[in-house]
Amino acid sequence: MPGLLSSPVFLTVIWFLSWSLHCSSAQIQSDEVSGIQYEHLDSNVKLACGTSQITIPVVWHHNHSSALPWHTVTSDGTLTLLHVNHSAQGNYSCYDNKGLLLHSVNLRLGRPPGLLSISCQVPNHTHVRCSWMEAVKTFLPAKYNASFRGNGQEWRPCIVDITQRHCDVYDPAFWQTIHTLRVTEANALGSETTYVRFRLHELLKPDPPESLLVKELEGHPKRLNVSWNFPSSWPLHDAFPLVFHIRYRPHGSLYWSEIYTEESPAIILDALAGHLHQVQVRAHDEVNSESQWSEWTPLFLIKPWEGYPTPKPDEEETFPDYVIPFITKPETSSAKSPKPGLEDEGNLGLVILLVLFSVVILTTVLSLIFVVWVRQRRRDNVTKQELTSMVKMKSMPI
């Protein structure tokens with residue numbers, strides 16, 4: 001017996017069995033490596049139990065649970081999930097009848113890309129930013145590729161920011177009438193390319209003016225000083241000037257007053273004295289009339305200057321210790337100061353009445369003179385006719 005164990009034939013058999021078991025173990029270890037399998041939502045999904053053919057019964061687990069979605073298992077160990085939804089996503093593992101792990105896979109469900117909804121903003125003549133939104137919710141990670149060109153030009157890259165889903169083009173050919181942007185979205189289930197055409201000069205829309213500041217003007221209760229800075233995104237002030245639109249109104253009013261100017265600051269001359277005002281500014285490209293106005297700046301609240309005369313220290317009124325001083329409000333004071341404006345209006349009314357009275361007297365006198373003249377003329381005509389009749393009668397023969 002010891003000679004049999006030490007014989008070359010027995011040793012060869014032992015070595016061959018060990019080598020076979022090692023290869024089988026290596027195959028199982030290879031099949032145990034988890035991968036990701038992407039499939040379509042609402043479809044039937046097949047999950048194979050590894051790459052090798054399985055001839056023994058297997059058991060499938062979903063996220064370490066034996067409870068599975070609606071499914072079938074074929075004789076070769078393939079798991080078929082029927083009409084999968086999001087709840088079917090997760091890790092799937094298959095085991096032999098001894099509980100040995102044979103294979104595992106991570107199932108991800110989603111949809112292929114669809115056409116994108118794209119919009120572009122042009123904050124100045126040197127920068128275009130285009131952003132997009134999914135028209136189809138894919139539920140899968142995506143990659144984007146974007147390019148941009150003017151009519152008759154070659155495609156140039158649009159620098160993509162995947163997290164924000166936008167791309168940027170610098171120094172576009174602004175003189176071109178129409179530009180085209182194409183964006184390709186790709187995921188594990190497919191890809192889709194979207195094209196959009198637009199006119200840069202119509203999309204040009206400056207950012208709102210910055211650092212809006214409104215100040216009162218001392219000594220001027222109806223004036224306000226409005227100042228602001230160019231948008232920081234509008235670097236070429238001299239080459240591309242802006243025109244600014246100022247609107248203002250007393251707080252609570254429904255109607256705005258407006259001023260257009262090319263320079264800062266600007267002076268409001270007709271503010272309502274003693275009232276809180278709302279002031280806003282927006283900007284527009286001065287040269288390109290088809291471009292858009294910027295958004296309005298946030299509301300700035302300010303009240304015009306109000307002057308209150310204060311007595312000098314040496315003119316301050318002193319009170320005895322037993323007298324408590326008080327302040328009399330101007331509108332409740334019993335002493336009424338003369339109002340030159342009202343006196344002027346009264347004098348003007350008196351002058352107008354005197355002029356009207358003079359006109360009436362003159363008209364009456366002229367009317368009387370005219371009546372007397374008409375009557376006198378009629379009398380002269382009657383007298384003349386009588387004399388003529390008398391002459392005729394005398395000249396008749398008797």
Item to complete: Check the angle between the aromatic planes of His125 and Phe240 and answer parallel, tilted or perpendicular using the 30° and 60° thresholds.
Response: parallel

Discussion item. Any side-chain to backbone donor/acceptor pair from Asn124 onto Ser233? Under 3.5 Å, distance only.
Written reply: yes

Item to complete: Determine, stepwise, if the pair His61 / Val59 fulfils side chain to side chain contact (heavy atoms under 4.5 Å, CB included).
Response: CA-CA 7 Å; His61 284 186; Val59 177; 3.9 Å; yes

Practice prompt. Kindly say whether Lys46 contributes a backbone atom to a donor-acceptor pair with the side chain of Gln37 at under 3.5 angstrom?
Written response: yes

Worksheet entry | Donor-acceptor under 3.5 Å (Glu210 side chain, Asn229 main chain) | no

Worksheet item: Got Ile268 and Asp270 here, is their nearest side-chain heavy-atom distance under 4.5 Å?
Response: yes

Fill in: Side-chain heavy-atom pair Cys167, Val160 within 4.5 angstrom cut-off
yes

Discussion item. Do His220 and Pro304 have side chains that approach each other closer than 4.5 Å (heavy atoms only, starting at C-beta)?
Written reply: no

Practice prompt. Check whether any side-chain heavy atom of Glu216 lies under 4.5 Å from a side-chain heavy atom of Lys303, and answer yes or no.
Written response: no

Worksheet entry | Sub-4.5 Å side-chain heavy-atom contact between Tyr38 and Asn187 | no

Response to the item:
Trp234 and Leu204 have their tightest heavy-atom pair at CZ3-CD1, 4.0 Å

Item to complete: First locate atom CZ of Arg149, then atom CD of Gln176, and finally report the distance between them rounded to the nearest 0.5 Å.
Response: 10.5 Å

Discussion item. With a 6.0 Å cut-off on the ring centroids, do Phe244 and Phe230 count as close?
Written reply: yes

Practice prompt. Would you indicate whether the side-chain heavy atoms of Arg249 and Tyr255 approach each other to under 4.5 Å?
Written response: no

Fill in: Value rounded to 0.5 Å, distance of CZ in Arg111 from NZ in Lys137
11.0 Å

Worksheet entry | Residue pair Arg199 / Ile178, side-chain heavy-atom distance below 4.5 Å | yes

Worksheet item: Under 3.5 Å, side chain of Trp60 to main-chain N/O of Gly77, donor-acceptor pair present?
Response: yes

Fill in: Criterion side chain to side chain contact (heavy atoms under 4.5 Å, CB included) on Leu356 and Leu354, from CA distance to verdict
CA-CA 5 Å; Leu356 291 176; Leu354 291 176; over 6 Å; no

Worksheet item: Quick one: are Phe198 and Leu181 in side-chain contact, heavy atoms under 4.5 Å?
Response: yes

Practice prompt. Take Glu295 and Lys205 through the salt bridge (charged side-chain N to carboxylate O under 4.0 Å, His left out) test and state the conclusion after the steps.
Written response: CA-CA 9 Å; Glu295 299 296 330; Lys205 181 179 181 179; 2.5 Å; yes

Fill in: Any side-chain donor near an acceptor of the partner, Arg247 and Gln280, under 3.5 Å
yes

Worksheet item: Taking the SG atom of each, are Cys130 and Cys120 under 2.5 Å apart?
Response: yes

Response to the item:
The side-chain contact (heavy atoms from CB on, under 4.5 Å) partner of Val45 among Leu79, Thr80, Leu82, Val84 is Val84

Fill in: Closest heavy-atom pair and its distance - Thr180, Trp155
O-CZ3, 3.6 Å

Practice prompt. Give the C-alpha distance, both sets of side-chain angles, the deciding distance and a yes or no for side chain to side chain contact (heavy atoms under 4.5 Å, CB included) between Asp161 and Thr163.
Written response: CA-CA 6 Å; Asp161 184 329; Thr163 57; 2.7 Å; yes

